[in-house]
Structures are given as C-alpha cells and as structure tokens.
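Working notes, structure below.
Values below: every heavy atom of this structure, side chains too, minus hydrogens, waters and symmetry copies.
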Amino acid sequence: MAVRLLSHELSDLCLGKPALRSLSVTSTIAEALEVLKTSDDNFVSVWSCDHKAKTSSGFESAAVFCDNYDDDDCRCVGKVCMVDVICYLCKDENLVSPSVALKEPVSVLLPKIPGLVLHVEPSCSLLNAIDLILEGAQNLVVPIKTKLSNKRKQHQKPSPTVTVHKGREFCWLTQEDVIRFLLSSIGLFSPVPAFSIDTLGIISSEILTIEYHSPASAAIGAISRTLVDQTSVAVVDSEGCLIGEISPFTLACCDETVAAAVKTLSSGDLMAYIDCGGPPEDLVRVVSSRLKERNLNGMLEHFSMSMSCGGFSSSSSDEESMAASPLPRSGRYSRSMSYSARMVRRAEAIVCHPKSSLVAVMIQAISHRVNYVWVIEDDCSLVGIVTFSDMLKVFREHLETIA
C-alpha cells in the first residue's frame, strides 16, 4: 500500500478537476473583476503569451486560447482574487478614483514573489509535488492529459476564459488537494495521525493579529501577507483572546466595494460587515457617511451604486431563511454557488486545542475549506496556528521512512 501511494503521479490527483479559467496578463483589473464575479473559484489564473490571445471565434479577448505555439510561449505567471482587488483599491489614490484604478492592467495585482505558481508535468510524482509546495508553491499548474478531439472542437467551443494550448486544457492543484489525497490513505501513516498537534510540534506562533477596536485599515498589509501565506488575521481582545478573524477566504466572497468598509470601519465592525448574511444596514450608512467626510467621492459613488443595484442584505441570523435560499455575497451580487466549488464563510474563526489530534484538525480544516486552524486554550487565549503546510511537513517526513 505504501509503495502504491508513492507511485502516484499528479495526473491521479487531477481526475475531475475543472479546467482553469484564465486571463491574459494584459487584461485590465475591471476584466478580472468580471471573471471573478461569474466564477465558482475564488482565483483566476493569469497567463503571459508572446502572441495575441484569441477566443475560439477569432476575436481578441482577455482570455487565453492558443494553438501551434511552443510550450514556453504561454505560461501561467500568477493568480488573482477579489482580495487582491480589495487591497489594491484600499490605497488612498485608488479610493479617490476607483474607476480609473480598475483600468490598470491586472499585472499590477500580482505579488512580486517568485514560485507561487509553478508549471509541472502530469507525470510529476506526489513526493516532488509536496516538496514544491513546501518550498513555497501555492498552485501547481498541470496539463489535463485528455486532448480535445477534433469532433469536440467542432461541436463544443471552449469557454472564452478557459486556457487551451495545443489542444490541452490545464487545471491546478493546491495544498488542500494534496491533503485530501493523503487523508484518503491516512491509515498508512499510523500512528502519527492520532498524535496531538502539540506533540508533533506543528503549532506555529508566527501569527498576525489586530485588536478588535483597532481600525481595520491597519490590517491591510497583514491581509495581503496572509493571502500569500494562505492564513488569516486574528482579531483579539486586549487580553489576547481570539474573537474572530479577518480572513482572505471570507473577503474573497465579497465584492470590490468592501475596500470602503476596510478603510472606514474598526476590525470588529468589519467582521460583522463581511459576515455571510450581508452587511447590516447601519454599517452601510456608517461607511457612506465616513467616505463623504473624507471627500472620497469616487469610492462613495462606486459604493452607492453597488448598494442601489442590489439593495441591503438582511442582517437577520434566522438560520431557516438562510438555508432556504443561496447565501448572498457580502457585496451586492451573487454568483453560482456550488458547495463543492466554494463556500461562503462567516468571520467566525475555526479553532482547535493543542491536544487535538492531527487527523481531527485535518478534517476540520478540509470541512471548512480553509488552509489553517487557530489553536486556542480553554479560556480562548490564542496559542498559535496550524496550517496545511505544517501538516505536509509531518507527512513528508513519514514518507521518507517508507520511500
């Protein structure tokens, strides 16, 4: 069984993965927003090509559709999500005129950190993939082996935002994909999964926090960093007890006007604003009033237009009404909601205790679609955080013994 696990290639993990939706690196941020608002995925891949991208109908587009070019002609150079746009719009100059800021190329959103997105072959081994992730890769771009047949090309045009290169589509693998795969063979690692995270020494104290009453704007830099680290900003009280979080995973389910809330509200109020039930009407009024006070007329107009288009979301916590209809995004639009593809989350933090077992924390993180779990004591004092990366280090060490 152990040998079989080690023999797996990335193509085995790609089964059933959807083809990447993508943008050209020359697309505008506004075009990226349009794709994000109609996608089931929080992220969209950004591609750099040496030739003009064209859709299947032949018109120039923000999409990437290529044929008869060398592999090096088209490369995925990064990914963007709504959080990138929100943090970008939080800059003072962009709040003054967001309509102008959104005309900038999407490349300005890409972090200047090499290796976050890497191309790998389908034959890449599971061990090599884990090593790449532990070295800092967030997403592994993998060609989908099945080529598009000529008959399919004739009768099924690819989506204008799906990357097609030499008849091949691409998907990507994440830390969560690898953790899920390892969980399916968890018995091979016995007794390690039953050990507590404290015993395994994988609780990290390197965390970013902000006090509940502090301005949310003070956390903008931390939010950008946690997006790269795939963690979150802990919101604590004056005694260091965990109250909640400002999570990129939650912000990714909002729209770009949340930048106005980040710049005008406290951390505690921002948590309420981005909660999956939608922002309370009183906080919407507070944001509008403070934008007006600061003469941020460009964002005020953008914000007001967004509110008027969708109306106020109910701030009721009635569980029955929430279950009866799809959860709205914290912004004023909704998009297709597949639980398997995305999960709109509350600002409530996912927690465990130092004596929680590794397998329990794995399941907890996967079930809530996050890459980390906060570790607290019984009095809610914050101890640290456990991430998928920490878990992968444990499994990688164990795989060394059976390799």
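One N or O on the side chain of T264 and one on the backbone of A260 form a donor-acceptor pair closer than 3.5 Å. At distances below 3.5 Å, at least one donor-acceptor pair connects side-chain atoms of S184 with backbone N or O atoms of F181. Between the side chain of S185 and the backbone N or O of L188, no donor-acceptor pair lies under 3.5 Å. Of the possible polar contacts, none joining the S304 side chain to the E301 backbone as a donor-acceptor pair under 3.5 Å is found. Side chain of R75 to backbone of S48: no donor-acceptor contact under 3.5 angstrom is found. Of the possible donor and acceptor atoms, one in the side chain of T38 sits under 3.5 Å from a partner among the backbone N and O of E34. A distance-only check finds a donor-acceptor pair linking the side chain of S367 to the backbone of I363 [under 3.5 Å]. A donor-acceptor contact shorter than 3.5 Å links the side chain of Q364 to the backbone of V351. Looking only at distances, no side-chain donor or acceptor of S267 sits under 3.5 Å from a matching main-chain atom of H213. Remark: side-chain polar atoms of Y212 are not paired, donor with acceptor, to backbone N or O of S266 under 3.5 angstrom.
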Check against salt bridge (Lys or Arg N to Asp or Glu O under 4.0 Å), K393 and E397: CA-CA 6 Å; K393 290 176 184 177; E397 291 174 2; over 6 Å; no
Stepwise side chain to side chain contact (heavy atoms under 4.5 Å, CB included) test for I243 and M271: CA-CA 10 Å; I243 298 176; M271 286 198 300; 4.1 Å; yes
Stepwise side chain to side chain contact (heavy atoms under 4.5 Å, CB included) test for L110 and V80: CA-CA 7 Å; L110 298 177; V80 296; 3.7 Å; yes
Stepwise side chain to side chain contact (heavy atoms under 4.5 Å, CB included) test for L102 and T28: CA-CA 7 Å; L102 294 178; T28 66; over 6 Å; no
CA sep, side-chain torsions, deciding dist, call: D229, T231, side-chain hydrogen bond (donor to acceptor under 3.5 Å, both in side chains): CA-CA 5 Å; D229 295 340; T231 55; 4.7 Å; no
Test side chain to side chain contact (heavy atoms under 4.5 Å, CB included) applied to M391 and L358, step by step: CA-CA 8 Å; M391 300 176 195; L358 172 60; 3.8 Å; yes
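Atom OG1 of T257 is separated from atom CE of M307 by 4.0 Å, given to the nearest 0.5 angstrom. Residue Q175 holds its CD atom at 9.5 Å from CG of L140, rounded to the nearest 0.5 Å. We find the CD1-OG1 distance between I202 and T199 to be 10.0 Å, quoted to the nearest 0.5 Å. For the atom pair NZ of K17 and OG of S11, the computed distance is 14.0 Å after rounding to the nearest 0.5 Å. Interatomic distance, CG of L270 versus CD1 of I274, reported as 4.5 Å (0.5 Å rounding). Here OG of S39 is found 10.0 Å from CE of M82. Values are rounded to the nearest 0.5 Å.
At a cut-off of 3.5 Å, with distance as the only test, no side-chain donor of S389 or T387 sits close to an acceptor on the other residue. In this structure, a donor-acceptor pair under 3.5 Å is absent between the side chains of E9 and S123. Inspection of the T174 and W172 side chains reveals no N or O donor paired with an N or O acceptor under 3.5 Å. Side chains of Y372 and T226: no donor on one and acceptor on the other come within 3.5 Å.
Taking 4.0 Å as the cut-off between side-chain N and carboxylate O, R21 and D41 do not count as a salt-bridged pair. Comment: E256 engages K37 in a salt bridge, judged by a side-chain N to carboxylate O separation of less than 4.0 angstrom. Using a cutoff of 4.0 Å between basic side-chain nitrogens and carboxylate oxygens, D198 and K355 are scored as salt-bridged. We find that E176 and R180 are joined by a salt bridge, their nearest charged nitrogen and carboxylate oxygen being less than 4.0 Å apart.
Annotation: side chain of L300 is in contact with side chain of S288 (closest heavy-atom distance under 4.5 Å). Proximity of V236 to I210: side-chain heavy atoms (C-beta onward) are nowhere separated by under 4.5 Å. In this structure, I385 and V373 have side chains that are not in contact, with every pair of non-hydrogen atoms separated by 4.5 Å or more. Between C352 and I197, the closest side-chain pair of non-hydrogen atoms falls below 4.5 Å. No side-chain heavy atom of S196 sits under 4.5 Å from any side-chain heavy atom of L200. The closest side-chain heavy-atom distance from H353 to E377 is not below 4.5 Å. Counting heavy atoms from C-beta outward, L20 and V44 have side chains that stay 4.5 Å or more apart. When side chains are defined from C-beta on, I366 counts as touching F388, because their heavy atoms get closer than 4.5 Å.
When the salt bridge (Lys or Arg N to Asp or Glu O under 4.0 Å) test is applied to D390, no partner is found at least two apart in sequence or on another chain. Remark: A360 pairs with S357 by the side chain to side chain contact (heavy atoms under 4.5 Å, CB included) rule, at least two apart or across chains. For the salt bridge (Lys or Arg N to Asp or Glu O under 4.0 Å) test, no residue two or more places apart in sequence or in another chain qualifies with D237. Legend: residues meeting side chain to side chain contact (heavy atoms under 4.5 Å, CB included) with V100, ordered by chain and number and at least two apart, are S97. For D269, the salt bridge (Lys or Arg N to Asp or Glu O under 4.0 Å) test picks out no residue, with sequence neighbours left out. Not counting sequence neighbours, K79 has no partner by the salt bridge (Lys or Arg N to Asp or Glu O under 4.0 Å) test.
Here the shortest heavy-atom pairing between G244 and L242 reads O-CD1, 3.3 Å. Shown here for S356 and V361, the closest heavy-atom pair between the two residues is CB-CG2, 3.8 Å. Between W374 and A349, the shortest heavy-atom distance links the atoms CD1-CB, 3.5 Å. The two atoms that bring D177 and L13 nearest to each other are O-CD2, 4.3 Å, heavy atoms only. Contact detail for C171 and C14: the closest heavy-atom pair is SG-SG, 3.4 Å. Minimum heavy-atom separation, I144 to A19: CD1-CA, 4.2 Å.
By the 6.0 Å contact criterion, CZ on R225 is open, its count of non-hydrogen atoms from other residues, nucleotides or ligands being 12 or less. The number of heavy atoms from other shown groups lying within 6.0 Å of CD (E93) is above 12.
Between H398 and F189, the ring planes lie tilted relative to each other; the angle falls in the 30° to 60° range.
Aromatic ring centres of F249 and H368 lie farther apart than the 6.0 Å criterion allows.
Partner of K263 under the side chain to side chain contact (heavy atoms under 4.5 Å, CB included) criterion, out of V287, D92, L291, L89: D92 alone.
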